[in-house]
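To start, the structure under review is shown below, and the notes come after it.
Protein chains get the first letters and strands the later ones, always in sequence-line order, with residue 1 at the start of each. Keep in mind that the numbers below use all heavy atoms, side chains included, and drop hydrogens, waters and symmetry copies. Treat the numbers as computed from the prediction; the structure is a model and nothing was measured.
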Protein chains: 2
Amino acid sequence: MSQTDTVSRILDAAEVLFAERGFTETSLRTITSTAGVNLAAVNYHFGSKKELIQAVFERFLTPFTDALARELDRRAAAGGALTVEDLLESLYRVGMGSLAEQGRDPQRFMRLLGLAYTQYQGHLRRFIVSRYGNSYRRFAGLLAQALPGLDPVTFYWRLYFMLGATIFTMSSYDAIEAILREDFGAQSTLPETLERLVPAAAAMLKVNAE
Amino acid sequence: MSQTDTVSRILDAAEVLFAERGFTETSLRTITSTAGVNLAAVNYHFGSKKELIQAVFERFLTPFTDALARELDRRAAAGGALTVEDLLESLYRVGMGSLAEQGRDPQRFMRLLGLAYTQYQGHLRRFIVSRYGNSYRRFAGLLAQALPGLDPVTFYWRLYFMLGATIFTMSSYDAIEAILREDFGAQSTLPETLERLVPAAAAMLKVNAE
DNA sequence: GCCAGTGCTAAACAACTGTTTTAAATGGTG
DNA sequence: CACCATTTAAAACAGTTGTTTAGCACTGGC
């Protein structure tokens with residue numbers, strides 16, 4: 001078993017288990033046994049559990065922010081000002097696409113993102129902010145440009161309202177969809193739900209703008 | 001030290017610590033030592049840690065849903081159909097008021113609510129749904145009435161978008177507000193932020209309605 | 001004045017946590 | 001083939017976890 005194999009097996013198992021139960025609730029023994037590797041391999045390859053958590057985030061956030069940057073470049077080069085809807089669509093399409101093409105589950109990453117915000121893991125928040133702050137600021141800046149005439153503080157809060165609606169809904173997508181199916185007999189796919197989210201979030205951002 | 005005293009000291013400490021760090025990250029020893037009571041008192045009075053968690057939620061959710069029911073009764077009796085804004089304002093005012101008048105922190109309960117959704121605690125979700133499902137359904141029903149012409153599935157998802165925006169923003173309120181103060185030099189109070197949230201969330205719910 | 005019963009405490013329990021240690025095996029290089 | 005760094009393995013480590021036990025202090029009722 002080569003090194004890269006062991007490392008990625010650990011990352012695969014950790015990603016699934018963290019998203020399912022959270023960080024503290026997932027022991028290294030559970031991770032290594034489902035990965036089929038030795039317990040000590042985590043500390044050998046990653047140093048500590050904290051660094052493993054960061055590595056899990058790095059492995060999906062870096063491709064995501066890279067793909068988002070390319071998508072924004074592409075849209076900007078196509079000319080014409082970007083609308084709020086354009087930006088949200090880009091964000092969601094990249095979120096769905098850049099990870100799905102690796103055969104990985106988009107909802108899982110939304111759950112991880114949600115955990116990063118809500119769990120008590122100071123190191124994770126610091127890690128994400130320092131590593132991906134620039135991508136965040138670029139997107140937020142473009143969104144602010146698409147919303148002229150909105151005072152900065154109002155924009156700031158609405159940005160978080162939008163993030164909340166997105167992360168919260170996507171990270172509990174399975175549970176919410178299950179209730180929908182049970183109570184209404186209807187069902188939704190993830191892309192359908194994102195298509196509903198774009199106009200709703202855009203309307204929220206745009207109240208009294210322009 | 002009377003019984004009620006020990007019980008409520010444990011609940012007070014657990015409420016603060018759970019909201020701060022989460023459930024798994026808070027040990028019974030931390031709770032009992034900050035409460036100034038013996039470790040075994042938790043198992044004696046509550047039976048188990050799970051039941052303590054449920055008791056913490058019960059102590060703030062019951063007054064909240066009771067106050068919400070009274071507020072909705074009052075508004076309904078005043079005559080006239082309730083608008084989306086009316087309902088959101090009622091919800092937020094009760095959330096702020098009914099707990100603040102007990103001298104307890106509203107943001108703390110938002111954090112707890114957020115945790116209930118995101119943390120891996122099946123028993124908690126079941127407990128809340130079975131105990132407070134009726135209050136939830138009454139509010140959702142009134143909101144649906146205020147949004148005629150909206151197909152049920154779209155309404156359903158937007159309800160969760162709204163809950164996400166609310167719970168996510170409120171549960172991370174301190175952190176978000178701190179960044180605002182640092183980057184913009186501006187500051188917001190919680191009531192101000194809720195005043196921003198009402199029209200934003202209402203706009204999101206109302207897209208293409210009526 | 002005793003007794004039942006409630007509230008509370010200190011100590012111990014077994015199970016589990018992340019991490020480290022020691023030794024064995026592996027695989028490419030000279 | 002021999003060598004050495006890399007990688008894995010099993011075991012032990014020290015610390016923490018929720019829970020239970022056995023006994024103490026105190027109350028109100030008879």
* To do: Extract the stems that DNA chain D is part of, considering only consecutive pairing runs of at least three Watson-Crick or G-U wobble pairs, both distances under 3.5 Å.
  => C:1-30 with D:1-30
If you look only at distance, which donor and acceptor atoms sit under 3.5 Å apart when one is on a side chain in residues 180-190 of chain A and the other is two or more places apart or in another chain?
{"from": "A:Arg181", "atom 1": "NH1", "to": "A:Glu177", "atom 2": "OE1", "distance (Å)": "2.7"}
{"from": "A:Ser188", "atom 1": "OG", "to": "B:Trp157", "atom 2": "NE1", "distance (Å)": "3.0"}
{"from": "A:Thr189", "atom 1": "OG1", "to": "A:Glu192", "atom 2": "N", "distance (Å)": "3.3"}

* To do: Apply side-chain contact (heavy atoms from CB on, under 4.5 Å) to B:Glu58 and B:Phe127, showing your working.
  => CA-CA 9 Å; B:Glu58 190 168 24; B:Phe127 171 79; 4.1 Å; yes
* Structure fact -> Residue pair B:Leu39/A:Gly47 against DNA chain C: nearer the 5' end by closest nucleotide is B:Leu39
Taking 4.0 Å as the cut-off, does a side-chain nitrogen or oxygen of [X] come that near to OP1 or OP2 on [N]?
X: B:His45; N: C:dC8; value: yes
X: B:Asn38; N: C:dC8; value: no
X: B:Thr6; N: C:dC8; value: yes
X: A:Tyr44; N: D:dT7; value: yes
X: A:Ser48; N: C:dG18; value: no

* Asked: NA contact type, A:Ala41, heavy-atom cut-off 4.0 Å: base, sugar-phosphate, or nothing?
  -> nothing
* Heavy-atom contacts under 4.0 Å between residues 18-34 of chain B and DNA chain D, which residues? -> B:Thr26, B:Ser27, B:Leu28, B:Arg29
* Asked: Parallel, tilted or perpendicular for A:Phe23 and A:Phe18, by the 30°/60° rule?
  -> perpendicular
* To do: Measure from the side chain of B:Asn43, starting at C-beta and using heavy atoms only, and say which of C:dT9, D:dT19, D:dA10 lies closest.
  => D:dT19
* Which residues share a side chain to side chain contact (heavy atoms under 4.5 Å, CB included) with B:Arg70, sequence neighbours left out -> B:Asp66, B:Ala67
* Among pairs that include at least one residue of residues 85-114 of chain A, which meet ring pair (Phe, Tyr, Trp, His ring centres under 6.0 Å), considering only residues two or more places apart or in two chains? -> A:Phe60-A:Phe109
* Asked: Nearest-Å distance, CG (B:Leu17) to P (D:dT17)?
  -> 12 Å
* Structure fact -> B:Lys49 atom NZ is separated from D:dT20 atom P, nearest whole Å, by 15 Å
* Worked check of side chain to side chain donor-acceptor pair (under 3.5 Å) between A:Thr62 and A:Tyr132 -> CA-CA 8 Å; A:Thr62 298; A:Tyr132 303 101; 2.7 Å; yes
* To do: Mind checking the OH-CG spacing from A:Tyr44 to A:Asn38? Nearest 0.5 Å is all I need.
  => 12.5 Å
* To do: Under the side chain to side chain donor-acceptor pair (under 3.5 Å) rule, collect the residues that match up with A:Ser135, sequence neighbours excluded.
  => none
